[in-house]
Amino acid sequence: MTNSSSNSNKCENKNYYEILKVSIDADIEEIKKSYRKLALLYHPDKLNKENSIEENIDSPSSCLENNNNNNNNNSNNNNSNNNNNTKDFNDIQIAWETLKDDLLRKQYDSLLLEKKRQKYSVSDEIDLDDMEYIEENSEYIYPCRCGDHYIITEDQLSEGSDVVCCSGCSLSIKVIYQME
């Protein structure tokens, strides 16, 4: 069994939900189903068997001389593919080990949220009521100290977005609001 906390650095920049091809709000059964499907596709033992069968089919004994060079090339290609598939399988395994455990999943979700927040260094928090509403564009604007504006649309607000970057500089604000 893999210790996911010590292996988590290996998949550090990868989203475990994306690796397992599930949404962040997927239940354990959906995650398990996706994991099993992906594990069957990428498991190294299964891939090695398929590659050896393909090699036997692709290289009949009557063409032995021609295939010696081809087999060396195929072998190199297969090794490269196997390394990628083994890496993919390891990522799948680490993601599964993390997301199947309630405590580890909560910790991972918190880490994802923190990374998302750190992506934008919030310079201020502004109440939505303090922003000017532009009805024709269905957007709220707020002036930035650089002279440009922060702009957030009603669609972004309904999707849960609350961090807005200035359109003229690198500053961002967090918009405080409550959905009705």
Side-chain angles (χ1 to χ4, degrees), residues 1-42 83-180:
M1 189 157 128
T2 312
N3 182 350
S4 59
S5 59
S6 65
N7 289 327
S8 62
N9 341 10
K10 295 178 183 176
C11 294
E12 188 175 307
N13 294 325
K14 298 178 184 175
N15 183 316
Y16 293 164
Y17 294 101
E18 290 173 4
I19 290 171
L20 293 179
K21 300 180 190 285
V22 296
S23 66
I24 196 164
D25 58 349
D27 65 9
I28 189 65
E29 290 305 316
E30 187 179 346
I31 294 171
K32 184 189 293 186
K33 182 178 177 182
S34 183
Y35 162 73
R36 287 181 175 167
K37 181 179 176 182
L38 292 168
L40 285 174
L41 286 172
Y42 290 98
N83 288 340
N84 287 340
N85 289 332
T86 300
K87 184 176 177 291
D88 290 340
F89 179 75
N90 288 339
D91 292 348
I92 291 165
Q93 188 65 32
I94 291 167
W96 166 245
E97 292 293 329
T98 300
L99 297 181
K100 76 175 184 179
D101 181 282
D102 284 341
L103 179 62
L104 289 176
R105 184 175 180 181
K106 285 178 184 173
Q107 290 173 347
Y108 179 72
D109 288 346
S110 295
L111 180 69
L112 279 182
L113 184 61
E114 185 61 32
K115 280 185 178 182
K116 185 178 177 182
R117 286 185 180 154
Q118 287 177 356
K119 186 176 180 182
Y120 305 104
S121 178
V122 175
S123 59
D124 203 358
E125 292 184 353
I126 305 297
D127 195 292
L128 188 62
D129 295 335
D130 294 335
M131 298 180 80
E132 180 183 348
Y133 183 67
I134 308 296
E135 193 170 343
E136 61 197 37
N137 298 338
S138 299
E139 62 189 17
Y140 293 87
I141 65 170
Y142 189 81
C144 179
R145 64 182 180 213
C146 76
D148 221 320
H149 293 90
Y150 300 101
I151 302 171
I152 190 165
T153 65
E154 284 182 345
D155 289 340
Q156 290 172 313
L157 291 169
S158 65
E159 292 171 359
S161 295
D162 64 352
V163 176
V164 185
C165 295
C166 175
S167 53
C169 69
S170 63
L171 294 175
S172 61
I173 60 170
K174 181 174 182 172
V175 179
I176 309 297
Y177 66 98
Q178 289 183 345
M179 293 300 294
E180 297 176 6

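Worth knowing before you read on, the calculation uses all heavy atoms, side chains too, and leaves out hydrogens, waters and symmetry mates. Here the structure is a predicted model, which means the values were calculated and not measured. In this chain, residues are counted from 1 in sequence order.
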Enumerate, atom names and distances included, each donor-acceptor pair closer than 3.5 Å involving a side-chain atom of residues 24-38, sequence neighbours excluded.
residue : atom : partner : partner atom : Å
D25     : OD1  : S23     : OG           : 2.5
D27     : OD1  : E29     : N            : 3.4
D27     : OD1  : E30     : N            : 2.8
S34     : OG   : L20     : O            : 2.2
Y35     : OH   : Q93     : OE1          : 2.7

Rounded to the nearest 0.5 Å, how far does [atom2] of [Y] lie from [atom1] of [X]?
| X | Y | atom1 | atom2 | result |
| --- | --- | --- | --- | --- |
| Q107 | L112 | CD | CG | 12.5 Å |
| I19 | D88 | CD1 | CG | 9.0 Å |
| N15 | D91 | CG | CG | 12.0 Å |
| Y142 | C144 | OH | SG | 10.0 Å |

For the student: nearest non-hydrogen atoms of [X] and [Y], plus distance:
| X | Y | result |
| --- | --- | --- |
| G168 | C146 | C-SG, 4.2 Å |
| D130 | I126 | CB-CG2, 4.1 Å |
| I173 | S123 | CG2-OG, 4.3 Å |
| C165 | S172 | CA-CB, 3.9 Å |
| L157 | Y177 | O-OH, 3.0 Å |
| R105 | L99 | CD-O, 3.6 Å |

| field | Side-chain touch Y16/I94, heavy atoms, less than 4.5 angstrom | value |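 Yes, side chains in contact.
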| Considering only heavy atoms from C-beta outward, does the side chain of L104 approach that of E97 to under 4.5 Å? | no
| query | With no hydrogens and no angle check, is any side-chain donor or acceptor of N137 less than 3.5 Å from a backbone partner on E139? | reply | no
| message | Is it the case that the side chains of Y17 and D109 hold a donor-acceptor pair, with the cut-off being a distance below 3.5 Å and no angle test? | response | yes
| request: I would like to know whether R145 and L171 meet side-chain contact (heavy atoms from CB on, under 4.5 Å); could you show each step before the answer? | output: CA-CA 9 Å; R145 64 182 180 213; L171 294 175; 3.3 Å; yes
| task | With sequence neighbours left out, write down each residue that passes side chain to side chain contact (heavy atoms under 4.5 Å, CB included) with E136, or none if nothing qualifies. | result | I134
| Sequence neighbours excluded - side-chain hydrogen bond (donor to acceptor under 3.5 Å, both in side chains) pairs with any residue from residues 147-157 | Y133-E154, D148-S167, T153-Q156
| With the threshold set at 4.0 Å, does a side-chain nitrogen-carboxylate oxygen contact exist between E18 and K21? | no
